[in-house]
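What you see is a predicted model; the values in this text were computed from it and never measured. Letters go in sequence order (proteins before strands), and every chain restarts at 1.
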Amino acid sequence: MRKVELLAPAGDLNRCKTAIRFGADAVYIGGQSFSLRSRASNFTIEDIKEACAYAKQYGSEIHVTVNMIPHEEDFEGLETYLKTLEEIGVKAIIVASVSIMEIARRVAPSLEIHCSTQMSITNAETANYLKEELGVDRVVLARECTLENVKKITKNTSIQTEAFIHGGMCVNYSGRCTLSNRMTLRDANRGGCAQSCRWEYRLFDKDTELTKENQWFTMGSRDLCAANELEELIHAGVYSFKIEGRMKTEYYVASIVSAYRHLIDRILEGTPLSKEEVVEFRKEILKGENRSVCNGLYTNDRLENSLILHTNSDQDVNHDFIGKVDRYKENTNSFTLKVRNVVKVGDTLEVLSPHQENRIFQVEWIKDKDGAFMEECKNPMRLIEIPIPFEVAEEDIVRRYRP
Amino acid sequence: MVKLIVSVNTVDEIEKAYALGADEVVVSIEGASFNALKKVKLEDIDPTIPISIFFNCFIFPDIKDHYEELFQEVLKKKIESIYFQDPIILTWAKKYHVVDKCIYRPETLLTNEYDAKWWINHHLKAISISPLLTIEETLHILEQVSNTECVIHGHLMMSCSKRYLLSAFQNTYGTEPLKENYDLTIQESQREGHMPIYEDSNGTVVYTDYLLQSIEEVPLMVEKGVSRLFINGEFLEEDCLFDTILLYRHLLNQKLMKNDCETYFEKYKNLSFTKGYYEEKTIK
Ligand code: SF4
């Protein structure tokens with residue numbers, strides 16, 4: 001079957017390496033300039049260089065977001081930056097401004113240009129127009145497209161399409177939202193979004209208030225999980241499948257990438273997935289997720305099922321992540337890890353290793369770093385040792401098992 | 001000559017707007033226009049009167065053919081300008097030889113001279129720059145790029161969503177139907193201002209609580225070569241809309257008296273006028 005791309009986010013070098021190890025075909029990252037999610041953009045040029053070298057070892061690629069809607073002063077240093085990205089081995093840039101695309105074509109011709117979702121591409125004619133006028137290599141489709149829309153666009157354009165499959169969604173058309181600008185003066189189109197759509201609002205009809213305490217009007221979108229649609233998207237010819245979340249943790253990146261990797265590999269085997277299999281894969285994906293999800297607009301659900309209409313919608317804490325394997329000790333069949341969440345003797349844990357089925361085991365004992373036995377460990381970042389009945393490797397992810 | 005453009009809410013307002021000094025009048029039509037102007041029926045528009053249209057919805061494959069037909073219908077009117085944000089409209093404009101009537105208005109996306117130039121070099125009639133710019137940034141673009149339009153007055157669109165946000169609220173909390181209701185506003189729980197919100201078949205749009213006004217900035221824009229000055233008619237009472245047209249017409253004709261401004265702002269003192277982002281640069 002043809003190749004498809006699992007495209008993962010990373011907010012720093014560690015997360016980038018994790019995404020690659022767990023099966024991302026490409027990782028998108030943000031440099032310290034010219035990128036949205038400026039607070040998630042920690043990559044220096046040296047980091048990007050290292051990411052490219054690391055990706056190469058695994059046959060993976062690095063894409064860099066250059067997706068701000070630039071004001072005049074934002075062009076300063078852009079040409080040099082693009083040339084440098086080309087030189088150090090970046091495969092593609094993700095861009096939302098036509099003039100940045102033009103500049104990139106001129107000064108760094110071997111960089112692929114991917115049109116950002118900020119451009120809200122919702123039809124094949126627009127995709128073809130951008131290809132003809134600017135030579136773009138790929139379009140990231142608007143998250144407003146339904147599954148049928150994506151199929152039709154992909155069929156009717158000769159350039160690669162990329163579709164979001166997982167993560168946070170703007171409730172508004174990308175690039176057209178200035179809620180944050182108005183509320184906080186932070187420019188959403190230059191990476192400063194304060195997520196004002198998720199705040200609490202009172203709703204009035206003339207002078208009559210329609211909202212009540214704890215029944216606020218909010219506009220936040222639920223996160224996307226397209227596990228149910230992925231098989232059809234692949235068969236429709238979509239080339240790249242994007243996970244959103246450059247602000248997300250290493251654990252999130254590992255578990256979501258790993259779960260989608262397994263699902264994509266299974267789809268690429270060729271035989272159709274049964275309903276039960278899809279349910280299982282979806283369950284697996286959602287173990288790494290802590291926010292309520294929906295099918296996005298793939299099923300054209302424009303009403304309450306795709307929205308968060310209650311307060312405290314932005315909880316982002318996941319208590320399942322126990323830690324990363326620090327070292328495997330073959331002689332004692334045990335491993336050490338730095339604890340992130342409470343772990344007790346008797347707990348059932350699950351190990352996520354790149355390109356392997358997840359494995360589970362029960363905690364028989366815990367020792368602290370001085371070799372003293374303990375019943376449970378509550379202190380974050382404490383180094384502990386746990387026995388394990390199979391071999392694990394450094395950096396493998398350990399989490400609480402949830403059947 | 002600098003043109004004064006105004007968007008209106010009804011067919012009846014078209015002639016009056018021209019009579020008061022608007023050079024172009026823009027209307028919204030059912031489906032094709034994604035904003036909170038009241039929609040006029042295409043068949044109600046007199047084919048002998050010059051008119052401009054917002055054709056600024058996003059076009060999805062399932063509605064594409066229908067909208068291309070609607071586009072052709074629009075062209076049967078005496079069309080002055082077609083406002084668009086989805087480039088597919090430009091491909092249709094090429095096909096029907098009306099590129100020189102097209103104005104690219106992506107609300108927030110044109111924020112620098114280079115992007116503005118790229119679009120204008122595609123033989124469009126004009127481009128409309130983002131109202132999120134400071135006055136210095138605006139003047140700089142005007143100096144560099146010809147055929148540029150600035151929104152100078154009215155509520156500014158803050159967001160547009162494909163979701164039916166009001167109907168979702170209605171379904172969840174059991175209110176009366178909220179779709180196509182022009183009287184709704186939202187107020188952030190910690191703030192004062194009421195922001196107009198409106199939902200129709202395209203989705204939901206939210207506007208600023210304040211009204212932008214540019215009485216002092218317009219002469220600067222004219223000096224730097226602005227082509228078109230746009231008054232947003234959304235949520236403006238008819239009287240206010242007409243007074244606003246007259247105010248800016250006098251300003252452009254250099255007939256504005258000091259007390260004209262005072263009378264205007266006194267009459268509409270219940271509205272909250274600001275300078276938008278002219279003096280306040282957004283941060284990254
Ligand atoms: S406020 Fe919400 S919808 Fe708007 S840009 Fe931010 S996250 Fe997206």
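Proximity to chain A among residues 138-156 of chain B is limited to His140(B), Ile141(B), judged by heavy-atom separations below 4.5 angstrom. Interface with chain A: from residues 84-98 of chain B, residues Gln85(B), Asp86(B), Pro87(B), Ile88(B), Leu90(B), Thr91(B), Lys94(B) qualify, criterion being any non-hydrogen pair under 4.5 Å. For residues 182-197 of chain B, the interface with chain A (any heavy-atom pair closer than 4.5 Å) comprises Asp183(B), Leu184(B), Thr185(B), Ile186(B), Gln187(B), Glu188(B), Ser189(B), Arg191(B), His194(B), Met195(B), Ile197(B), sorted by residue number.
For a residue to count as touching a neighbouring chain, one of its non-hydrogen atoms must lie under 4.5 Å from one of that chain's; by this rule Phe34(B) touches chain A with the side chain only. Both the backbone and the side chain of Lys162(B) come within less than 4.5 Å of a heavy atom in chain A.
Scanning both residues, Ser161(B) and Tyr173(A), for their nearest heavy atoms gives C-CE1, 4.0 Å. Across every non-hydrogen atom of Arg176(A) and Cys160(B), the tightest pair is CB-SG, 3.9 Å. Of all the heavy atoms in Pro70(A) and Thr111(B), the pair that sits closest is O-OG1, 2.6 Å.
Comparing Trp119(B), Phe60(B), Tyr210(B) by heavy-atom pairs within less than 4.5 Å of chain A, the highest count is held by Phe60(B). Between chain B and the options Lys212(A), Lys206(A), Glu209(A), Lys152(A), the largest number of non-hydrogen pairs under 4.5 Å is found for Lys206(A). Heavy-atom pairs under 4.5 Å with chain A peak, among Leu110(B), Thr175(B), Asn181(B), at Asn181(B). Per-residue counts of heavy-atom pairs under 4.5 Å with chain B were compared for Phe204(A), Phe75(A), Tyr201(A); the largest is that of Phe204(A).
The backbone N or O of Ser306(A) lies less than 3.5 Å from a partner atom in the side chain of Arg163(B), making a donor-acceptor pair. With Glu304(A) contributing its side chain and Asn171(B) its backbone, the two residues share no donor-acceptor pair below 3.5 Å. A side-chain donor-acceptor contact under 3.5 Å links Asp115(B) to the backbone of Val98(A). Within the 3.5 Å criterion, the main-chain N or O of Met158(B) finds a donor-acceptor partner in the side chain of Thr178(A). Checked by atom type and distance alone, the side chain of Thr122(A) pairs as donor or acceptor with a backbone atom of Ile59(B) at under 3.5 Å. Looking at Arg302(A), its side chain does come within 3.5 Å of a backbone N or O of Asn202(B) through a donor-acceptor pair.
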Practice prompt. Report the C-alpha separation of Trp118(B) and Glu133(A) in whole Å, then their side-chain angles, then the decisive distance to 0.1 Å, and conclude whether the side chain to side chain contact (heavy atoms under 4.5 Å, CB included) test is met.
Written response: CA-CA 10 Å; Trp118(B) 191 89; Glu133(A) 293 292 329; 3.8 Å; yes
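The distance from the CG atom of Asn112(B) to the CD1 atom of Ile100(A) is 7.5 Å, given to the nearest 0.5 Å. The structure places CG of Asn172(A) at 8.5 Å from OG1 of Thr204(B), a figure rounded to the nearest 0.5 Å.
Taking the side-chain contact (heavy atoms from CB on, under 4.5 Å) definition, one finds that Asp239(B) meets it with Lys267(B), Tyr268(B), sequence neighbours left out.
Side-chain atoms of Glu72(A) and Glu137(B), non-hydrogen and from C-beta on, never get closer than 4.5 Å to each other.
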